[in-house]
A.B. asks: 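Pasting in a structure now, in structure tokens, and then I'll have a few things to ask.
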Amino acid sequence: MKTRRTWRNSAKKSDSAATSLLPRLLSAAAGSLRGRTGWTVASVAVLVLGLLGVWLFVGGKQDGPPDARARQYKDFDACLLTGEKGIVTGAPAAPVWEGMQEASGDTRVRVTFVPVMGEQSEGNARPFFNGLMQRQCDVVLASGAPQVKVTEEGVQKYPKVRFVVVDGSKSAGNVTLVPSGPGLKSAVADAVRQAVRSAGL
């Protein structure tokens, strides 16, 4: 019993020593931060933290000029609206995408595609088309019956946008109709190039 009491008493003493030591250390630190010394320490700490932040955000970036081999794109976007299969091999929009990439290689314009997911209907395709309009695509291409129909409906609302539709039926000044088949890739590439030239780029 004496051993247990001795151990408990020594544990209490060490706990009270630790708890009393902490406030003393904190008050000593607070005291050292008062006056001119405190301002100096705080200024150095802020400077060190600032340099650390700059190093973290900028340190990983490449020094020197950008790589000359990196492609510099023009401020021109060609956007493709497809069915849910997208641009996978064998999909109706695959040759359209290949033609867009070919034109991008020549003209250095950005090309993207957006597949209409879910029900393949005009009602479901319309929000995807509207999304391309909000992104301010310079030329919009459409592949697939619902996508083509919705695109042709929107032609008059956006007279400054060029449209390229596959197997479309509505012709207008800002619409290029391209037929599906063996020559689709070349026809799309030519249509995109023409749209870029019309924009004066």
Side-chain angles (χ1 to χ4, degrees), residues 56-57 60-62 66-67 69-201:
L56 286 174
F57 286 105
K61 293 188 177 178
Q62 180 182 356
D67 188 356
R69 295 170 296 176
R71 176 176 288 186
Q72 300 296 318
Y73 287 99
K74 294 178 180 176
D75 188 19
F76 189 96
D77 292 289
C79 309
L80 171 62
L81 189 63
T82 76
E84 63 182 349
K85 291 183 179 179
I87 57 171
V88 298
T89 303
V96 179
W97 179 247
E98 291 171 3
M100 291 172 67
Q101 288 184 308
E102 181 181 311
S104 175
D106 299 342
T107 60
R108 299 194 321 273
V109 298
R110 296 182 295 262
V111 293
T112 58
F113 73 96
V114 174
V116 174
M117 304 305 294
E119 182 183 354
Q120 298 300 294
S121 65
E122 294 173 32
N124 191 39
R126 193 166 288 108
F128 292 91
F129 173 81
N130 292 336
L132 293 181
M133 295 299 100
Q134 289 174 1
R135 284 169 51 183
Q136 298 182 340
C137 296
D138 298 284
V139 58
V140 174
L141 299 93
S143 173
Q147 291 75 240
V148 167
K149 185 67 174 173
V150 168
T151 301
E152 288 182 334
E153 288 174 2
V155 165
Q156 291 182 350
K157 295 179 185 176
Y158 304 96
K160 293 183 179 180
V161 179
R162 300 286 304 176
F163 295 94
V164 179
V165 292
V166 180
D167 293 334
S169 59
K170 186 173 184 179
S171 61
N174 59 338
V175 178
T176 302
L177 303 177
V178 291
S180 58
L184 179 56
K185 175 182 172 180
S186 297
V188 166
D190 290 341
V192 172
R193 291 187 191 104
Q194 180 58 43
V196 174
R197 284 194 293 269
S198 298
L201 299 177

A.B. asks: Is it the case that the side chain of Arg162 and the backbone of Val175 share a donor-acceptor pair, with hydrogens and angles ignored and the cut-off at 3.5 Å?
C.D. replies: no

A.B. asks: At what distance, to the nearest 0.5 angstrom, does OG1 of Thr107 lie from CE of Met100?
C.D. replies: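 These two atoms lie 10.0 Å from each other.
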
A.B. asks: Answer yes or no: is there a side-chain heavy-atom contact under 4.5 Å between Thr112 and Leu132?
C.D. replies: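 Not in contact.
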
A.B. asks: What distance do Gln194 atom CD and Thr176 atom OG1 have between them, rounded to the nearest 0.5 Å?
C.D. replies: 7.5 Å

A.B. asks: Without swapping roles, check the side chain of Asp138 against the backbone of Asp77 for a donor-acceptor pair under 3.5 Å.
C.D. replies: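 Side chain of Asp138 to backbone of Asp77, a donor-acceptor pair under 3.5 Å: yes, one is there.
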
A.B. asks: Looking only at non-hydrogen atoms, find the nearest pair between Arg193 and Asp106 and report the distance.
C.D. replies: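 Shortest heavy-atom contact: NH2-OD2, 2.6 Å.
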
A.B. asks: Do Glu102 and Glu98 come close enough that some side-chain heavy atom pair is under 4.5 Å?
C.D. replies: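 Glu102 vs Glu98: side chains apart.
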
A.B. asks: Rounded to the nearest 0.5 Å, what's the gap from CZ on Phe129 to CD on Glu152? Could you check?
C.D. replies: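 Answer for the CZ-CD pair, Phe129 versus Glu152, is 10.5 Å.
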
A.B. asks: Test side-chain contact (heavy atoms from CB on, under 4.5 Å) on Gln120 and Lys85 and set out the steps.
C.D. replies: CA-CA 11 Å; Gln120 298 300 294; Lys85 291 183 179 179; over 6 Å; no

A.B. asks: Once ring pair (Phe, Tyr, Trp, His ring centres under 6.0 Å) is applied, do any residues pair with Phe76, and if so which ones, sequence neighbours excluded?
C.D. replies: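 Phe76 satisfies ring pair (Phe, Tyr, Trp, His ring centres under 6.0 Å) with no other residue.
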
A.B. asks: How long is the span from the NZ atom in Lys157 to the CG atom in Asn130, to the nearest 0.5 Å?
C.D. replies: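 Reported to 0.5 Å precision, the distance equals 7.0 Å.
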
A.B. asks: Can you tell me which residue pairs pass the disulfide bond (SG atoms under 2.5 Å apart) test with a partner in residues 124-201, sequence neighbours excluded?
C.D. replies: Cys79-Cys137

A.B. asks: Give, for atom CD of Gln147 and atom CG of Leu141, the distance between the pair rounded to the nearest 0.5 Å.
C.D. replies: 12.5 Å

A.B. asks: Which heavy atom in Ala91 sits nearest to a heavy atom in Gly86, and how many Å separate them?
C.D. replies: CB-O, 3.6 Å

A.B. asks: Kindly compute the distance separating OG1 (Thr151) from OH (Tyr158), expressed to the nearest 0.5 Å.
C.D. replies: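 It comes to 11.0 Å.
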
A.B. asks: Start with the C-alpha gap between Val148 and Asp167, add the side-chain angles, then the distance that decides, and say whether side-chain contact (heavy atoms from CB on, under 4.5 Å) holds.
C.D. replies: CA-CA 8 Å; Val148 167; Asp167 293 334; over 6 Å; no

A.B. asks: Looking at every non-hydrogen atom in both residues, tell me the closest pair between Gly154 and Phe163 and how far apart they are.
C.D. replies: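 It is O-CZ, 4.3 Å.
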
A.B. asks: For Gln136, look at atom CD and say whether over 12 heavy atoms of other residues, nucleotides or ligands are found less than 6.0 Å away.
C.D. replies: no

A.B. asks: What is the minimum heavy-atom distance between Pro95 and Leu184, and which atoms define it?
C.D. replies: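 Smallest heavy-atom distance, with atoms named: CG-CD2, 3.7 Å.
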
A.B. asks: So, for Pro115 and Thr82, which heavy atoms are closest and what is the spacing to 0.1 Å?
C.D. replies: CA-OG1, 3.3 Å

A.B. asks: How far apart are the closest heavy atoms of Ala93 and Ile87, and which atoms are they?
C.D. replies: O-CG2, 4.3 Å

A.B. asks: Please enumerate all residues that pass side-chain contact (heavy atoms from CB on, under 4.5 Å) together with Ser171, with sequence neighbours excluded.
C.D. replies: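 Ser171 satisfies side-chain contact (heavy atoms from CB on, under 4.5 Å) with Leu177 once adjacent residues are dropped.
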
